[in-house]
Amino acid sequence: MRWTLRPKPEEVAVKELSKAIKVSPLVATLLLQRGISTYEEALHFFRPELEDLHDPFLMKDMDKAVDRIEQAIKKEQNILVYGDYDVDGTTAVALLSSYLLESYPRVATYIPDRYAEGYGISYAGIDFADDNEIDLIIALDCGIKAIDKVSYAKEKGIDFIICDHHRPGEQLPEAVAVLDPKREDCTYPYDELCGCGIGFKLIQAIEFSKGRSIDGLIPYLDLVATAIAADIVPMTGENRVLAHFGLKVINASHRPGFKAILKALKKTLLTITDVVFVIAPRINAAGRMEHGRYAVALLTETNPAKAEEMAREIEVFNTDRRGLDQEITAEALVQIQENKEEERFTSVVYRESWHKGVIGIVASRLTETYYRPTLVFTKSGDKLAASARSVRGFDVYNALELCQDHLEQFGGHKYAAGLTLLENQYDDFKAQFEKVVASTIDPMLLTPEINIDAEIMLSEITPKLMRILSQFAPFGPGNMKPVFLSHHLQDTGYAKGVGEENKHLKLAVKQHTPQPIGAIGFGLGSKLAVVANGSEFSAVYTLEENVWNGTVNLQLKLKDLRAS
């Protein structure tokens, strides 16, 4: 594990910001590292407001999209809201369809079948639209590369509005409007929105065109916050504002679907982490194990009893999903060992029988074992389909571009992508991908890294610091929970392994003073010898509140430790 201490901001800047907003130099340092250098920027950071959101009409083609929807309503045309089967896609479909249905009845939804149709816009989906006399398809979280399919729809007299956040190719689809801040000709101020976020900008634009404020859209922000968390987009700019207010809506428990999912969770206040690990996997499980329409149905259900019944069904999907991903991960690890590929620059594995719905999760699991770009393939119809995952700092999308001669289709982000190829291309692609990564990756990136915000003394850890740090939330890429480093620590004789097979480490730490602070290190049980017998050690950690028997104490959540 590499420990990388972030550069310290200039001392003058720290002093100026510390004085301007009346915080400690440590807090000022953390803010400057996040690009916040003035009183006004700090105010927006600590007190997000919906007014901070950009005018949706700054997005290229937004006026065309709103005009076409208004025209469809005026002419009483049929609208199909089409979205991908993951969390971002299903929440986006739930958001836009329920918004339109509030005032216009001729709206249907469509989620492609992961297995029969694959990712994104499909010919089957367009045929469905044609059979049902759909005049306008609004595609969410997909479509930016669907050149042929949008042309096919056009031949049938069906218009398209694309709302996507993936990288466009050289050519854009011939849609009525293409909303994607990553378009080169789009000057929208923020290009890190997720698909559901772009869907929200569309309904914000519709509201603005009617002379209404954003206030009526607040109930939809729980869906947007869930998509932001699940899609792991940067928690900066508009995403942070949307997530901040979306969490408030989730915690108010208005949506019966979320309420049903969270019924067993005995927490009074949910965080983005809870959304990532509790809500998102269950929404995803529907699309992975059965069909994404189950997730849309749950998210749009207004009857609490029906929502609870759906949530129970989705819980079964989630349990099945967990069992499958563990089983396939074990098989993939054996395959890597049997092929003697432990020392490669990439992990590329394939088995025809692997469940397509969990290969993305398996790819993530494999990167935890072999920290390197990873692809997991399975059979999908007459082709092979794969999910790709990368390591921090390496752009797997760019690597796939350099292998596209062997691919039928690919798309995605810097750290996650999907692709299909013909089975006879698998071996050549695998060799080419290994060659590309080996020649372009910095070897340092193949070792996991912990980015450390600041080195501090334990004496600096106070309830006041914790109160201020809690206001840095919601956390995510671009605004991660602050990570600290402390040296010359000693255990007070409390250190022990806990959990199954003593997998975790629990201790009470001191530094130069007798006053100890509790610490927990999940997965660090093997480091017990480092802290034994009063040996001095260094630790990297985040801060958290530990509630036990009604008492709240600060504790260190250890990320790693090593002998001093």
Side-chain angles (χ1 to χ4, degrees), residues 81-98 101 107-119 124-125 128 140-141 195-196 219-220 222-227 229-231 246 249-267 270 274-329 353-362 378 380 387:
V81 180
Y82 189 118
D84 191 28
Y85 38 67
D86 66 2
V87 176
D88 194 11
T90 52
T91 52
V93 168
L95 176 141
L96 184 59
S97 63
S98 55
L101 282 165
V107 178
T109 62
Y110 192 91
I111 304 286
D113 185 283
R114 184 187 286 265
Y115 310 103
E117 296 167 75
Y119 166 78
F128 170 88
L140 297 146
D141 189 35
C196 188
Y220 296 99
D222 55 354
L223 296 170
V224 185
T226 301
D231 228 47
V249 179
I250 291 171
N251 281 309
S253 294
H254 292 307
R255 189 173 298 274
F258 281 168
K259 201 169 185 178
I261 289 174
L262 298 169
K263 200 171 183 183
L265 195 70
K266 293 177 172 55
K267 283 193 76 166
L270 297 185
D274 298 316
V275 175
V276 171
F277 291 105
V278 180
I279 296 177
R282 283 156 178 81
I283 296 171
N284 242 335
R288 291 184 189 283
M289 304 304 295
E290 197 64 33
H291 200 287
R293 63 172 172 263
Y294 281 84
V296 175
L298 174 67
L299 295 172
T300 54
E301 181 55 60
T302 55
N303 183 310
K306 280 187 182 175
E308 285 190 23
E309 190 181 321
M310 289 177 184
R312 282 193 293 273
E313 196 173 349
I314 283 176
E315 191 60 42
V316 173
F317 295 154
N318 193 48
T319 303
D320 292 347
R321 186 272 306 164
R322 275 202 300 260
L324 258 181
D325 82 56
Q326 288 169 3
E327 181 185 315
I328 294 171
T329 300
S353 61
W354 285 342
H355 196 292
K356 191 179 177 187
V358 299
I359 56 174
I361 298 170
V362 173
T378 187
S380 180
S387 276

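This chain uses plain numbering: 1 for the first residue, then up along the sequence.
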Legend entry - Side-chain donor or acceptor of Asn251 paired with backbone N/O of Leu270 under 3.5 Å: yes
Inset, instruction - Would you confirm whether Thr378, through its side chain, and Trp354, through its main-chain N or O, come within 3.5 Å as a donor-acceptor pair? - result: yes
Inset, instruction - Starting at OG1 of Thr91, measure out to CG of Asp222 and round the result to the nearest 0.5 Å. - result: 9.5 Å
Legend entry - Heavy-atom pair of closest approach, residues Tyr294 and Glu313: CE2-OE2, 3.3 Å
Inset, instruction - Please confirm whether the backbone N or O of Cys196 pairs with a side-chain atom of Asp88, one donor and one acceptor, at under 3.5 Å? - result: yes
Legend entry - Whether Glu117 side chain and Asp113 backbone form a donor-acceptor pair below 3.5 Å: yes
Inset, instruction - Start with the C-alpha gap between Ile250 and Ile279, add the side-chain angles, then the distance that decides, and say whether side chain to side chain contact (heavy atoms under 4.5 Å, CB included) holds. - result: CA-CA 10 Å; Ile250 291 171; Ile279 296 177; 4.2 Å; yes
Inset, instruction - Take Ile361 and Arg321, measure what side chain to side chain contact (heavy atoms under 4.5 Å, CB included) needs, and give me the verdict at the end. - result: CA-CA 10 Å; Ile361 298 170; Arg321 186 272 306 164; 3.3 Å; yes
Legend entry - Residues, nucleotides or ligands: over 12 heavy atoms within 6.0 Å of Lys356 NZ: yes
Legend entry - Inter-residue atom distance Lys263.NZ - Arg312.CZ, 0.5 Å rounding: 7.5 Å
Legend entry - Shortest non-hydrogen contact between Arg255 and Leu299, atoms and distance: NH1-O, 2.8 Å
Legend entry - Aromatic plane relationship, Phe128 with Tyr110 - under 30° parallel, 30 to 60° tilted, over 60° perpendicular: tilted
Inset, instruction - Determine whether Asp86 and Asp231 make a side-chain contact, defined as any pair of heavy atoms from C-beta on separated by less than 4.5 Å. - result: yes
